[in-house]
Amino acid sequence: TSTRDSADVISRVASLAAACGAAFLLWQASPPRHGSLAGSLPTEPETSEAVLQLLEATPLKSSVNSLFVDLGSGDGRIVLSVARRFRCRAVGVDV
């Protein structure tokens, strides 16, 4: 079981790294407006597709028990797209 536990930890770290990469792509795609700390523009379809392609390389694709968490999910387009494409659980958190 220690090998399985190690694989699970590696899988979770890889998923977290991919999520961070996806968040960075989204942040770059929506520059902040003047006087604001965050942009409030809807996610462009090209950006959504780029994020989904990035996530193809993660364990989300191979496990129905996967959970995708989008911090700063905005209108939730990425969360919904990930849940549909990967058939995983997905949660969006935004303030």
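Side chains included, hydrogens not; waters and symmetry mates left out as well; all remaining heavy atoms used.
- The two residues Ala18 and Thr58 have their closest heavy-atom pair at CB-CG2, 3.1 Å.
- With values rounded to the nearest 0.5 angstrom, Ser48 atom OG is found 3.5 Å from Ile78 atom CD1.
- The salt bridge (Lys or Arg N to Asp or Glu O under 4.0 Å) pairs that include a residue from residues 14-25 number zero, where partners must be two or more places apart or lie in different chains.
- Contact record, Val79 with Phe68: CA-CE2, 4.5 Å, taken as the closest heavy-atom pair.
- Residue pairs meeting the salt bridge (Lys or Arg N to Asp or Glu O under 4.0 Å) criterion with at least one member in residues 86-95: none, sequence neighbours excluded.
- Scanning both residues, Pro59 and Ser66, for their nearest heavy atoms gives O-OG, 3.6 Å.
- For the salt bridge (Lys or Arg N to Asp or Glu O under 4.0 Å) condition, the pairs that include at least one residue of residues 47-56, sequence neighbours left out, are Glu49-Arg85, Glu56-Lys61, Glu56-Arg85.
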side-chain contact (heavy atoms from CB on, under 4.5 Å) assessment of Val82 paired with Cys88: CA-CA 7 Å; Val82 168; Cys88 66; 3.9 Å; yes
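- Val91 shares a hydrophobic cluster with Leu67, Val69, Leu71, Val93; the chain of contacts runs through ILVMFWY side chains whose heavy atoms sit under 4.5 Å apart.
- In this structure, the side chain of Thr47 does not engage the main chain of Thr43 through any donor-acceptor pair within 3.5 Å.
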